[in-house]
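The model shown is predicted, which means the values in this text are computed figures rather than measured ones. So that the names make sense, note that chain A is the first sequence line, chain B the second, and so on, each numbered from 1. Worth knowing before you read on, the calculation uses all heavy atoms, side chains too, and leaves out hydrogens, waters and symmetry mates.
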Amino acid sequence: MKKTTTSTPYLFGLDSFGDLATDSHSKLMSHAASIRLVIDEAVLADKLGVDIIALGEHHREEFAISSPEMVLSAIASKTKNIKLASGVTVLSSDDPVRVYERFATLDAVSGGRAQVILGRGSFTESFPLFGYDLRDYEELFEEKVELFSKLLTEKPITWEGTHTQSLDKADIFPKTESGRLATYVGVGGSPNSVVRAAAYDFPLVLAIIGGSPDRFAPYVDLYKRAAEQFDHTPHPVGMHSPGFIADTDEQAIELAFPLFKEAMDKVGESRGWQPMTKQHFMNEVKGGSMYVGSPETVAKKIAKSMKAVGAERFDLVYGFGPMKASDRYRMIELYGKEVIPRVRELLAGE
Amino acid sequence: MVAVKTIGILGAGKLGITLAQLARKAGYKVYVAGSGDPEKIALSVQVLAPGAHAVRSKDAARISDIVVLAMPLGKYRKIPVDTLEGKLVVDAMNHWWEVDGPRDDLLSSDMSSSEAMQEFLPNSRVVKALNHMGYHDLHDEARPATMPGRKAIAVAGDVQADIDTVSQIINALGFDPLYIGVLSTGRALEPGHPAFGADENKTALLQLVSR
């Protein structure tokens, strides 16, 4: 893989789905309180110089965030520099025009800090909820991503839709100050999605949530070669993986395992896989895609993965499972103060 | 037993591409088909599974000694039934609610998805294998028989010669084959059963299957 020089502007983010946290009495917090917690955490992340906060859309009991851009808008008014991203916006079950309008609005509110990460999502609750048929899973995304790419030109558009509205020289507002809303595509490993991101000239964010990260290096290669085929300059690639940071490795593992297990098992229950074992968890921590440990351990793992994959942006999914708010807070502090500077140092030392 | 030199893979998603990678490493000729025009998957196949060829599903079925079904189960009606006549077919698919919708809309509830595929392909011989391990584990865990800690892949089928053929391929791909019984026993490998998702050695997998 071709590597650029040490001046590469590496970016580091924190991602949340708004998992319901627990308070100091280990009591599960409400959806509302968990949303306010994320806002406070984003304010902290901004102070610590974290580059991006990304909030993913879910429609499940254990996650408080179903409308990321509402929360991001609140964060916008309390922060200065941090980029405000969705991670992901489930475009398949949304209206592309409304998605554009909402994020263009967020972009205005935040002075140009909005990012949309479009995805198909790995959950499907949004389909029946908004009146879409799962059988159209593939076609819905394909059509909507095309419409969205046209909306990004910020010029009046004419469009004939099958799963979407037809538009006749429709002009959409607000216009952004930069002239183009920052738009990414989030991909979980489907080769077709990687090629599609390249075809539409969108930067790619890889969701790497299990297994060895280096197996994604060929996907970055695929993205770059596909971009060249479509005569686009490939954008830097990002990656997103879950993790937990505490003062020591032992402490991090002890705290994270039951929480990760609870979160994973809850999903597994509906998908028919078996409860997570400690061995599976430890395999992911050692060689896989869970970034759990002391700041030094996690920093080394992030740097190694970014190099292996060829990623220039790393988003750490934090607050996995019903985690104590104070542990989440501590993790963000360690990530901002120790992990990010150390990863930058490790990457620059190449 | 068929001397397999050529493997056709129907499905160019996460599983299909992973299997193509493993099959290439094992030295097979590999033909991968997505839905429709092979142009759509040509670059993915070329970059992710170098040496494998992107073709139409009919061609993959015609050219290959054995064909692996690795597409979303919900798309099974697109399988080229006629071309697969007389062929050995490995069903690696699972019902996945997120992609395929409710199972009852797709399959009758009293049989495994592989039995349903055997019904759909009456003139082919269906063996169930390579469905229970996640695609990233397949990628990470494949290793030669001489290396310690090898993981196992369960096989269910009705014809001994076919089971032998598939077992030999699994071995070549980097896993210990574990025969568990006739095709209908493959239900134990499907979502909701203990062996689903198993990334285990032979002994541990056998325990999960018998649970």
Heavy-atom side-chain contact between A/L140 and A/F127 under 4.5 Å: yes
Atom group of B/D137 that falls short of 4.5 Å from chain A, counting heavy atoms: neither
Test of ring centre spacing under 6.0 Å for A/F130 and A/H59: yes
Most contacts with chain A, counted as non-hydrogen pairs under 4.5 angstrom, among B/L43, B/V45, B/N94: B/L43
Contacting moiety of B/H193, where chain A heavy atoms sit under 4.5 Å: backbone
Heavy-atom proximity to chain B below 4.5 Å, by part of A/Y219: both
Structural part of B/A12 lying under 4.5 Å from a heavy atom of chain A: backbone
Contact leader toward chain A among B/G197, B/A195, B/G192, where contacts are heavy-atom pairs under 4.5 Å: B/G192
B/E115-B/S112 side chain donor-acceptor pair, cut-off 3.5 Å: yes
Electrostatic pair A/R271:A/E269 at N-O distance under 4.0 angstrom: no
Under 4.5 Å from a heavy atom of chain A, the part of B/Q46 involved: side chain
Residue pair B/L69 / B/M117: nearest heavy atoms and the distance that separates them: CD1-CG, 4.4 Å
Residue from A/F320, A/F63, A/F123, A/Y318 passing ring pair (Phe, Tyr, Trp, His ring centres under 6.0 Å) with A/F17: A/F63
When B/G16, B/G13, B/P194 are compared by non-hydrogen pairs under 4.5 Å with chain A, the top option: B/P194
Largest heavy-atom contact set with chain B, pairs under 4.5 Å, which of A/G268, A/S190, A/G210: A/G210
Ring centers of A/F202, A/Y184 separated by less than 6.0 Å: no
Exercise: do A/T89 and A/E57 side chains pair donor with acceptor under 3.5 Å: no
When A/Q279, A/Q229, A/E138, A/R120 are compared by non-hydrogen pairs under 4.5 Å with chain B, the top option: A/Q229
Which portion of B/I17 sits near chain A, non-hydrogen atoms under 4.5 angstrom: side chain
